[in-house]
2 protein chains.
Amino acid sequence: MNEYITNILKEYDLKVTPQRMCIVEELMKHGHLTIEELFEKISNKFPSLSLATVYKNINAMMEKNFIKEVKIPNRKSKYELIKEEHAHIICEKCGRVEDINIDKKDIVKEIEDKTSYKIEHTALIFSGLCPECAKESEAA
Amino acid sequence: MNEYITNILKEYDLKVTPQRMCIVEELMKHGHLTIEELFEKISNKFPSLSLATVYKNINAMMEKNFIKEVKIPNRKSKYELIKEEHAHIICEKCGRVEDINIDKKDIVKEIEDKTSYKIEHTALIFSGLCPECAKESEAA
DNA sequence: CTGACTGCAAACGTTTTGCACGGTA
DNA sequence: TACCGTGCAAAACGTTTGCAGTCAG
């Protein structure tokens, strides 16, 4: 596992440090985290960690196109490892974020035809109630 | 025109002030503006305008569900008057933002089935090169 | 006339920066 | 060893707040 993360960091031309390993590990484990959440989680294992270090590393990793920011309506941004482009679904109540893969080529085609833009990227967020929060609402 | 804006503000329970009229007018004229852009544009007509006033009004208008924030990848947020929910297309080069209406019910249905979420809102951003910027790139 | 809005300045939270030290390659 | 990353503290930045004066209703 450690070796795995080490290799990923090297692939992206990022020097391997314990702090960076932790950041990647947490992102792999949780998928999407805010700066704050990252800082808190890593501080546990690593009490000397500085917030500035988290920021510097997040920025470094974004420059290398290794992670990216997910801007979420009404909430703080989260960060995720970059993989194939996908949409997100957010629970408006509990704030959990999940990846979803959808087939967007028809819509992209439709928009390209309609607007004459050449579409390169998408940032698609769907939001509502997750099944758990929906259950709670019913109960109440 | 002034009377028109006056009435809209009243509908949303917002007291009518010259500063607010300007904000609405600029948003109607340009569609999407950052806080900075709003401040600069209005300052021209209205040199005494305070940035704090812009912020306070933007927040007041968001509370009344009269305008909303559009979070854009790699750029500052813009604000727009609320109308029927729609997607946005952004030029990654010049930053222009345009509204697009797409039929999303199939996709929403697909995601609801797949995830068991009840989807309430969407924030869909497509990005790429606008026709003008595409032309420039070719020329170069 | 009353409460809400404005402008200013101060406060606040978040993010960035500079620097001395320590660790990676 | 040379350079990059870290941690700390200070600075910068965007946004919010408090207050006194003004304006809309």
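So that the names make sense, note that chain A is the first sequence line, chain B the second, and so on, each numbered from 1.
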Novice: Taking CG from Asp13(B) and P from dA24(D), how many angstroms apart are they, rounded to a whole number?
Specialist: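 Distance check: Asp13(B) CG to dA24(D) P gives 18 Å.
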
Novice: When we call it a touch if two heavy atoms are under 4.0 Å apart, what does Thr53(B) touch: a base, just sugar-phosphate, or nothing?
Specialist: base

Novice: Of the listed nucleotides (dT24(C), dT6(D), dA24(D)), which one gets closest to any side-chain atom of Pro18(A)?
Specialist: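 Within the option list, the nearest is dT24(C).
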
Novice: Separation of Glu40(A) atom CD from dT14(C) atom C1', in whole Å?
Specialist: 15 Å

Novice: Just compare dT16(C), dC5(C), dT16(D) and give me whichever is closest to any side-chain atom of Asn59(B).
Specialist: dT16(D)

Novice: Less than 3.5 Å apart, any donor N or O on the side chain of Glu120(B) or Ser127(A) sitting next to an acceptor on the other?
Specialist: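 No donor-acceptor contact under 3.5 Å links the two side chains.
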
Novice: Under 4.0 Å between a side-chain N or O of Ser48(A) and OP1 or OP2 of dG7(D)?
Specialist: yes

Novice: Look at the side-chain N and O atoms of Thr17(A) and state whether any lies under 4.0 Å from the OP1 or OP2 oxygen of dT6(D).
Specialist: yes

Novice: Does atom CG of Asn74(A) have more than 12 heavy-atom neighbours, drawn from other residues, nucleotides or ligands, at distances under 6.0 Å?
Specialist: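 Count not over threshold, so no.
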
Novice: Nearest-Å distance, CG (Asn57(B)) to C1' (dT16(D))?
Specialist: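 Interatomic distance, CG of Asn57(B) to C1' of dT16(D): 14 Å.
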
Novice: Taking only side-chain N and O atoms of Gln19(A), does any of them lie within less than 4.0 angstrom of OP1 or OP2 on dG7(D)?
Specialist: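 Yes.
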
Novice: Does some side-chain heavy atom of Thr17(B) sit less than 4.5 Å from a side-chain heavy atom of Met21(B)?
Specialist: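 A side-chain contact under 4.5 Å is absent here.
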
Novice: Just the rounded figure in Å: distance from C1' of dG14(D) to NZ of Lys71(B).
Specialist: 14 Å

Novice: Let me spell it out: for each of Glu36(B) and Lys10(B), pick the nucleotide of DNA chain D with the closest heavy atom. Which residue's pick is nearer the 5' end?
Specialist: Glu36(B)

Novice: Where each residue is assigned the nucleotide of DNA chain C containing its nearest heavy atom, which of Leu49(B) and Leu14(A) is assigned the position nearer the 5′ end?
Specialist: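 Nearest nucleotide further toward 5': that of Leu49(B).
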
Novice: Does the side chain of Phe46(B) reach to within under 4.5 Å of the side chain of Gln19(B), using non-hydrogen atoms?
Specialist: yes

Novice: Counting side-chain heavy atoms from CB outward, which of dC8(D), dG7(C), dA25(C) is closest to Phe46(B)?
Specialist: dG7(C)

Novice: On DNA chain D, nearest-nucleotide positions of Lys76(B) versus Lys56(B): which is more 5'?
Specialist: Lys76(B)

Novice: With the side chain of Lys15(B) defined as its heavy atoms from C-beta on, choose the nearest nucleotide among dA24(D), dC3(D), dC8(D).
Specialist: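 Ranking dA24(D), dC3(D), dC8(D) by closest atom to the Lys15(B) side chain puts dA24(D) first.
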
Novice: Parallel, tilted or perpendicular: which fits the ring planes of Phe66(A) and Tyr12(A), with parallel below 30° and perpendicular above 60°?
Specialist: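 Ring orientation, 0 to 90° scale: tilted.
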
Novice: In this structure, how many angstroms lie between the P atom of dT16(C) and the CD1 atom of Ile58(A), rounded?
Specialist: 11 Å

Novice: Using atom CD1 of Ile5(A) as one end and atom P of dT24(C) as the other, report the distance to the nearest whole Å.
Specialist: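 After rounding, the reported distance stands at 16 Å.
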
Novice: Measure from CD on Glu37(B) to C1' on dG14(D) and round the result to the nearest Å.
Specialist: 15 Å

Novice: Tell me the interatomic distance from Ile23(A), atom CD1, to dG5(D), atom P, rounded to whole angstroms.
Specialist: 12 Å

